[in-house]
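Worksheet: one structure, shown below.
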Amino acid sequence: MLVLFLNGPNLNLLGLREPEVYGRTTLADIEVRVRELAAKMGVEVEFRQSNWEGQLVDWIHDARGIFAGIVLNAGAYTHTSIALRDAIVAAGVPTVEVHLSNVHAREEFRHRSMIAPVCRGVISGFGVMSYLLGLEAAIVNGS
Ligand code: DQA
């Protein structure tokens, strides 16, 4: 089974970026943790990051028929992107929305997600654990 991890804008700067919010863990550290868990679960993962909305849209489209699920931290596009939402619907690949921070404990503009209604569920506020829980959620079958 193959699971695709997609990371959106500014997540390449994790570790340096607002450490009081996101901690000192880098995206590379998160990838290592995800790969460790995936290996234990016997799941293969692909891990990508882009600052470009269209690139994320393309990757979601291309996941169709290849990946069993997507774990998506869309960063700020979570709150703005109808294009990502439409891509998730169009591709039809079950998608789990994840966030490192608890978006509901932050600014009001982060409380709304454009993609949550078309995702299987949302995991927010557990730091690296959000990604690990996201992997577990991505392989859960059915409702
Ligand atoms: C984030 C939360 C978003 O609101 C923010 O724009 C990010 C990171 C998170 O993982 O907590 O870039 O997705």
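Basis for what follows: all heavy atoms, side chains included, without hydrogens, waters or symmetry-related copies. Positions are given from 1 along the sequence. Each ligand, and each atom within it, is numbered from 1 in the order the structure gives.
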May I have the step-by-step check of side-chain contact (heavy atoms from CB on, under 4.5 Å) for N7 and F47, ending in yes or no? CA-CA 8 Å; N7 295 279; F47 204 92; 3.4 Å; yes
Look up atom OH in Y77 and atom CG in N10, then write down how far apart they are to the nearest 0.5 Å. 8.5 Å
For ligand 1, is there an N or O atom under 3.5 Å from any N or O atom of L11? no
Looking only at protein heavy atoms, what sits closest to atom 12 (O) of ligand 1 is R17 NH2, 2.9 Å
What's the spacing between I88 CD1 and I115 CD1 if we round to 0.5 Å? 4.5 Å
Any N/O pair H79/ligand 1 closer than 3.5 Å: yes
When you measure from the heavy atoms of Y77 to every atom of ligand 1, does any distance fall below 4.0 Å? no
Distance from atom 11 (O) of ligand 1 to nearest protein heavy atom, with residue and atom: S101 OG, 2.6 Å
Atom 7 (C) of ligand 1 sits nearest the protein heavy atom Y22 OH, 3.4 Å
Mind telling me whether H111 and H104 have parallel, tilted or perpendicular rings, with 30° and 60° as the class edges? tilted
Is the closest basic N to carboxylate O distance between R35 and E31 below 4.0 Å? yes
Would you say V103 touches ligand 1, if touching means a heavy atom closer than 4.0 Å? yes
Starting from atom 9 (C) of ligand 1, find the nearest protein heavy-atom neighbour and note its residue, name and distance. L100 N, 3.4 Å
Within this structure, what is the CG-CG distance for the pair L100 and N73, rounded to the nearest 0.5 Å? 5.5 Å
Any heavy-atom pair between the side chains of E36 and V32 that's under 4.5 Å? yes
The closest protein heavy-atom partner of atom 5 (C) of ligand 1 is R110 NH1, 3.3 Å
Could you tell me whether ligand 1 has any atom less than 4.0 Å away from a heavy atom of N73? yes
Of E97, R106, H111, H99, the residue with the heavy atom nearest atom 1 (C) of ligand 1 is H99
So, does E107 sit close enough to ligand 1 that a heavy atom of it is under 4.0 Å from the ligand? no
S81 side chain vs T78 backbone, donor-acceptor pair below 3.5 Å: no
